[in-house]
Amino acid sequence: MTMKNRLLHWFVNKIELPILNWFGYGDVHCYNREELQELCDKTGLTLEHFEQRKGLRLHAVIRKI
């Protein structure tokens, strides 16, 4: 899940998703390109493609180096 609006991105990750998790609806995070790139860098993977789609959907191509 991802979104372009930084304020909405912050609200979803810091307010909405923790509240939903508290009520037992899973543990989810909304990633932006920078966060996904950081995860790839830490794990030795390469982020080759990142695309934000309609409906908070994310398409990414990540490869093992």
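Quantities reported herein were computed from a predicted structural model and do not represent experimental measurements.
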Check your understanding: Hey, what do you get for CD1 (I15) to CG (L17), rounding to the nearest 0.5 Å?
Key -> 10.5 Å
Study note, to complete from the structure: dist E48:CD -> R63:CZ (nearest 0.5 Å) comes out at 4.5 Å
Check your understanding: Hey, are E35 and R33 close enough for a salt bridge, meaning a charged N less than 4.0 Å from a carboxylate O?
Key -> no
Check your understanding: In terms of hydrophobic clustering (I, L, V, M, F, W, Y; side-chain heavy atoms under 4.5 Å; direct or indirect links), are L7 and F11 co-clustered?
Key -> no
**Study point:** Side-chain touch V61/F50, heavy atoms, less than 4.5 angstrom
**Key:** no
Check your understanding: Is there a side-chain contact between L8 and V12 (heavy atoms, below 4.5 Å)?
Key -> yes
Review point. Between OH of Y31 and CG of L39, what distance do you get to the nearest 0.5 Å?
Key: 5.5 Å
Practice item. State whether the side chain of H9 and the backbone N or O of C30 hold a donor-acceptor pair below 3.5 Å, judged by distance alone. Key: yes
Practice item. Would you check, one step at a time, whether the test side-chain contact (heavy atoms from CB on, under 4.5 Å) holds for L36 with L47? Key: CA-CA 8 Å; L36 200 52; L47 177 61; 4.2 Å; yes
Exercise for review: Output the distance between atom CD (Q37) and atom CG (L45), rounded to the nearest 0.5 Å.
Suggested key: 10.0 Å
Exercise for review: Would you please name every residue forming a side chain to side chain donor-acceptor pair (under 3.5 Å) with E34, sequence neighbours left out?
Suggested key: none
Point to revise | Nearest-0.5 Å distance, CG of residue L58 to CZ of residue R53 | key: 9.0 Å
